[in-house]
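To start, the structure under review is shown below, and the notes come after it.
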Amino acid sequence: MQLIFDFPVVPRFGFENFVVCSGNRTAYQFAQRLASGSDAENLLYVYGPEGSGKTHLLTALAVALDGRYFSFRDAASLYRGDFINEGPSPLAEHFAGANALILDDLNLLPDNQEVRVELWELFNAFYSAGKKIVISGLTPPKELPHLDGHLTSRLLWGLVARMDVSDDDSRRMILKKLAEDRQMALPDDVIDEMLLKVRRDIPSLVYALETINRTAIATKRKVSLRLAKEIFKSG
């Protein structure tokens with residue numbers, strides 16, 4: 001039975017610790033094109049399942065482009081639980097003065113006409129100004145719920161890339177890179193045990209890696225298969 005870790009540790013997100021593999025290479029290359037400033041393209045939409053690195057890539061781009069980030073996971077907080085808004089657009093106020101528009105989790109856009117209008121106007125303002133726009137969602141634009149048809153079409157004008165790190169080779173590459181960043185020796189048999197005992201989404205694997213590392217430091221033991229088995233048995 002695989003273990004589920006509910007409180008993943010999120011590392012600092014940047015291009016320097018983004019692991020490039022076959023499932024995300026196109027999205028990474030497109031992101032680099034926007035970040036370099038040498039490309040006329042100013043719109044990128046990336047999509048893929050939870051844990052595929054979308055937020056990591058968008059956060060890295062927000063830093064590189066001196067942009068501002070927002071996830072629609074936080075829509076209720078931004079609108080204070082009331083999507084009926086008679087004043088200035090909360091979305092527009094959040095992005096006022098930003099050099100780039102970075103929107104995460106577009107699949108969680110509220111089913112509210114006023115919010116759809118605000119998003120459309122915000123998108124047009126940045127697009128017309130020639131500013132960079134980066135957006136993510138779980139699915140391709142045409143499959144996103146609650147999205148204005150005009151915006152769906154606009155998203156298809158720019159660069160579109162799928163992100164998916166659900167194969168074991170990608171997971172191994174990511175775990176190796178994370179361990180290297182922590183100056184942690186991570187044997188292959190420990191990775192095998194993690195893939196066997198831990199839920200295979202990246203946040204759960206990252207949390208498992210952090211748990212092994214903290215336990216090894218606290219007990220002054222080497223990271224080993226025996227230690228991993230003890231941790232997963234007790235978990």
Side-chain angles (χ1 to χ4, degrees), residues 6-14 27 30-31 34 42-129 131-164 201-204 206:
D6 295 325
F7 304 101
V9 176
V10 179
R12 182 172 65 88
F13 292 148
F30 285 169
L34 264 69
N42 67 350
L43 173 61
L44 171 62
Y45 178 78
V46 296
Y47 67 97
E50 294 282 355
S52 57
K54 301 186 300 295
T55 296
H56 189 148
L57 195 63
L58 265 64
T59 304
L61 276 167
V63 173
L65 298 172
D66 191 24
R68 194 161 300 153
Y69 171 94
F70 176 73
S71 168
F72 279 101
R73 291 182 184 277
D74 301 319
S77 297
L78 182 69
Y79 285 85
R80 299 180 180 178
D82 185 2
F83 296 114
I84 301 175
N85 177 49
E86 297 180 356
S89 162
L91 265 179
E93 288 190 327
H94 179 80
F95 285 99
N99 291 321
L101 176 65
I102 314 291
L103 291 170
D104 206 357
D105 303 304
L106 188 57
N107 51 287
L108 297 178
L109 178 73
D111 186 10
N112 179 277
Q113 182 59 24
E114 289 190 20
V115 178
R116 280 193 288 270
V117 170
E118 289 179 25
L119 175 59
W120 173 242
E121 292 176 346
L122 180 66
F123 180 96
N124 274 334
F126 274 79
Y127 194 86
S128 299
K131 294 183 176 181
K132 306 292 185 183
I133 301 173
V134 186
I135 301 177
S136 86
L138 284 180
T139 64
K142 290 183 179 180
E143 297 176 20
L144 289 168
H146 313 148
L147 196 63
D148 183 280
H150 297 296
L151 184 53
T152 300
S153 298
R154 284 288 179 91
L155 291 178
L156 293 171
W157 288 4
L159 302 170
V160 178
R162 174 174 168 77
M163 299 179 67
D164 188 354
D201 62 275
I202 298 302
S204 293
V206 172

Atom pair OG (Ser136) and CD1 (Ile102), whose distance is rounded to the nearest 0.5 Å:
10.0 Å
What heavy-atom pair brings Ala75 and Pro110 nearest, and what distance separates the two atoms?
CB-CG, 3.9 Å
Is it the case that the side chains of Tyr79 and Glu114 hold a donor-acceptor pair, with the cut-off being a distance below 3.5 Å and no angle test?
no
Would you give the length of the straight line joining atom CD1 of Ile133 to atom CG of Leu122, rounded to the nearest 0.5 angstrom?
8.0 Å
Residues in side chain to side chain contact (heavy atoms under 4.5 Å, CB included) contact with Gln113, at least two apart in sequence or another chain:
Arg116, Val117
Applying side chain to side chain contact (heavy atoms under 4.5 Å, CB included) to Asn124 and not counting sequence neighbours gives Trp120, Arg154
Gap between atom CG of Asp164 and atom OH of Tyr47 - 0.5 Å precision:
10.0 Å
For the residue pair Thr139 and Tyr45, what are the closest heavy atoms and their distance?
O-OH, 2.5 Å
Roughly how far apart are Lys132 NZ and Leu34 CG, rounded to 0.5 Å?
5.0 Å
Nearest 0.5 Å please: distance from the CG atom of Leu44 over to the CG atom of Leu57.
7.0 Å
Heavy-atom pair of closest approach, residues Leu61 and Ala31
CD2-O, 3.4 Å
Shortest non-hydrogen contact between Pro141 and Leu156, atoms and distance:
CG-CD2, 3.8 Å
Which pairs would a plain distance check flag for residues 66-73, meaning a side-chain donor or acceptor within less than 3.5 Å of a matching protein atom at least two apart in sequence or in another chain?
residue : atom : partner : partner atom : Å
Asp66   : OD2  : Asn99   : ND2          : 2.9
Arg68   : NH1  : His94   : O            : 2.8
Arg68   : NH1  : Ala96   : O            : 2.8
Tyr69   : OH   : Asp104  : OD2          : 2.6
Ser71   : OG   : Arg73   : N            : 3.1
Ser71   : OG   : Asp105  : OD2          : 2.5
Arg73   : NE   : Asp105  : OD2          : 3.3
Arg73   : NH2  : Glu50   : OE1          : 3.0
Arg73   : NH2  : Glu50   : OE2          : 2.6

Would you confirm whether Lys54, through its side chain, and Gly48, through its main-chain N or O, come within 3.5 Å as a donor-acceptor pair?
yes
Side-chain contact, heavy-atom cut-off 4.5 Å: Leu109 with Leu144?
no
Leu147 versus Leu106: any side-chain heavy-atom pair under 4.5 Å?
yes
Does the side chain of Phe123 come within less than 4.5 Å of Leu155's, by heavy atoms?
yes
Do Arg162 and Pro49 have side-chain heavy atoms sitting under 4.5 Å apart?
yes
Donor on one side chain, acceptor on other, Ser204 and Asp201, under 3.5 Å
yes
What is the distance from atom CZ of Phe30 to atom CG of Leu159, rounded to the nearest 0.5 Å?
5.0 Å
